[in-house]
Amino acid sequence: MNISIFGLGYVGCVSIGCLAKNGHHVIGVDVSQIKVDQINAGKATIIEKDIDIIIAEQRAKGNIEATTDSKEAILKTDITIVAVGTPSSDKGHLNLNYIFKVAEVAGLAIKEKKDFHIIAIRSTIMPGTCDKFAAIVEDASGKKRNVDFAIVDNPEFLREGTAVEDYYNPPLTLIGSDNSGAAETVASLYRQLPGEVIITDLKIAEIMKYVNNTFHALKISFGNEIGNICSEMGIDSHKVMEIFCKDKQLNISPYYFKPGFAFGGSCLPKDLKGLQTLAHDLYVSVPVIDSINKSNELQITRAVDIIQHTQKKRIGFLGLSFKAGTDDLRNSPAVAVVETLLGKGYSVKIYDKHIHLSNLTGTNKVYIDHHIPHLSKLMVKDAEDLIKDVDVIVINNREQEYLDVLEKAGDTAMIVDMVRLPEAIRNKNNYTGINW
Ligand SMILES: NC(=O)c1ccc[n+]([C@@H]2O[C@H](COP(=O)([O-])OP(=O)(O)OC[C@H]3O[C@@H](n4cnc5c(N)ncnc54)[C@H](O)[C@@H]3O)[C@@H](O)[C@H]2O)c1
């Protein structure tokens, strides 16, 4: 395929070399004459393992060339890959000026082009940028998106230092698009590489790089804070994290990664507090770990806000325990929501199939007596009765009995979902999810 690549920095230089090595003819475009001259002289524009050899070889074979003439590059190619810089502004916002400049020049070239043109944005961009890019191309070209050209987002996951190796071994290839033909064409550039090719919505692809890199930063800071606590106590932090990483069921796994309601129960809040106190007593500052509970409390506030936003006063809860399949009410975030609503004068009714007040004992009973002493007056014996009597149903545990009742319920009561109910219920008009 004939491909043009805008931006001959780290991402562009690796892409031009590796795509040429995989059999494509690639034209590099940059505003820097020096970088263009380097590529045309068979030299890499960056220091990176193996890329100098690849660029020299591919230039000698005539598979790559470079120019500052963006129009000519677009007219001669079928796909344009955008790999220009997206630095932070002084205030921390993303500076998309270089991206939108490319959109303008691409539009002027597409104006003169007869064939359909595909633009794949490889730079890291904020959700919504592809749509703005397409609007600029439409304005400059007078042509129509998805009739004359298409925009896809194709974020790059390589790391400097191992960029060529990462190019050939991506964890996955991600393509966001509103045009299946264009997505398939871009996917075909990477089909011979290992890793799943995922084609998804534009905005999902656009936000992915931020989600990944923020998580990587969080992992590093978490590991460092654990290391700082361990080293103060003479514990080998590397052995600790080695064992931590061996648990592939709960630690290094998809478990606990579903957006939803706050955590609770007898263990997570208690042990988090325990580690915070340990760090405090050792005079070790752990801001990442210290912020976890604050974030959790905000999730409880978010639930209260959503319920208040319905402007209804009679609220029913399906499930009160901290998770499905248990009667444990200790540190259940739903208890905190009920307590807050009662304090604000709401009428609350609760059905929980596992909670029989006469059976509650020990710390579980002490906890609930302290937080909602008159719980017995709020509990009802039947889920169907509860639904008839309230304006808002808050579903707090994913129990089959609750799902069955909700399916039968009419549309009069609003549903506030903490557990991600099945799609048929999520599609109802009277429905709100906590964060989806
Ligand atoms: N460097 C990385 O490890 C890495 C990894 C993944 C994603 N990314 C993302 O990829 C994008 C590019 O990063 P980079 O590190 O390669 O940037 P870079 O600064 O090394 O290179 C960007 C190049 O774009 C050129 N350029 C600017 N405006 C242009 C225009 N209008 N037309 C043509 N060329 C133009 C610049 O002259 C420069 O050579 C960024 O969005 C970055 O966040 C970078």
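Numbering of ligands and ligand atoms starts at 1, following listing order.
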Side chain or backbone of Ala83 under 4.0 Å from ligand 1, or both, or neither, by non-hydrogen atoms? backbone
Verify whether one side chain among Asn364 and Arg330 offers a donor that lies under 3.5 Å from an acceptor in the other. no
Please state which protein non-hydrogen atom is closest to atom 11 (C) of ligand 1 and give its distance, to 0.1 Å? Val84 O, 3.4 Å
Give me the residue, atom name and distance of the protein heavy atom closest to atom 31 (N) of ligand 1. Val102 CG2, 3.7 Å
Report yes if some heavy atom in the side chain of Asp153 is under 4.5 Å from a heavy atom in the side chain of Leu174; otherwise report no. no
What is the closest protein heavy atom to atom 24 (O) of ligand 1, and at what distance does it sit? Gly7 CA, 3.4 Å
Is there any N or O on Glu156 that sits under 3.5 Å from an N or O of ligand 1? no
Under 3.5 Å side-chain donor-acceptor pair for Tyr402 and Asn397: no
Could you find the nearest protein heavy atom to atom 2 (C) of ligand 1 and give me its residue, atom name and distance? Glu160 OE2, 3.6 Å
So is Thr86 polar-close to ligand 1, meaning N/O to N/O under 3.5 Å? yes
Just which atoms of ligand 1 are under 4.0 Å from any heavy atom in Ser123? 10 (O), 11 (C), 41 (O)
Counting both backbone and side chain atoms, is some N or O of Val11 under 3.5 Å from an N or O of ligand 1? yes
closest protein heavy atom to atom 22 (C) of ligand 1 is Gly85 N, 3.5 Å
Carboxylate-amine/guanidinium proximity below 4.0 Å for Lys76 and Glu72: yes
Any heavy-atom pair between the side chains of Ile99 and Ser123 that's under 4.5 Å? yes
Among all protein heavy atoms, pick out the one at the shortest distance from atom 37 (O) of ligand 1; state its residue, atom name and that distance to 0.1 Å. Asp30 OD1, 2.6 Å
Mind telling me whether Phe244 and Phe222 have parallel, tilted or perpendicular rings, with 30° and 60° as the class edges? tilted
Can you tell which of Phe157, Tyr98, Phe100 gets a heavy atom nearest to atom 28 (N) of ligand 1? Tyr98
Check this for me - ligand 1, Lys35, N or O atoms closer than 3.5 angstrom, yes or no? yes
Mind listing the side-chain donor-acceptor pairs of residues 104-116 below 3.5 Å, one per line with the distance, residues two or more places apart or on another chain?
unit_1	atom_1	unit_2	atom_2	d
Glu112	OE2	Lys71	NZ	3.0
Lys113	NZ	Thr77	O	2.6
Lys113	NZ	His117	ND1	2.7

Working for side-chain contact (heavy atoms from CB on, under 4.5 Å), residues Gln33 and Thr68: CA-CA 7 Å; Gln33 187 64 51; Thr68 53; 3.5 Å; yes
Going by an N to O cut-off under 4.0 Å, is there a salt bridge joining Asp178 and Arg145? yes
Give the atoms of ligand 1, by number and element, whose distance to some non-hydrogen atom of Lys209 is under 4.0 Å. 5 (C), 6 (C), 7 (C)
How far is atom 5 (C) of ligand 1 from the closest protein heavy atom, and which atom is that? Leu158 O, 3.3 Å
With atoms numbered from 1 as shown, which atoms in ligand 1 lie under 4.0 angstrom from a non-hydrogen atom of Val29? 33 (C), 34 (N)
Glu232 side chain to Asn228 side chain, donor-acceptor N/O pair below 3.5 angstrom: no
Working for salt bridge (charged side-chain N to carboxylate O under 4.0 Å, His left out), residues Glu184 and Arg191: CA-CA 10 Å; Glu184 272 310 325; Arg191 287 270 182 220; 2.9 Å; yes
Name the closest protein heavy atom to atom 9 (C) of ligand 1, giving the residue it belongs to and the distance to 0.1 Å. Thr124 OG1, 3.5 Å
N/O separation below 3.5 Å, Tyr10 to ligand 1: yes
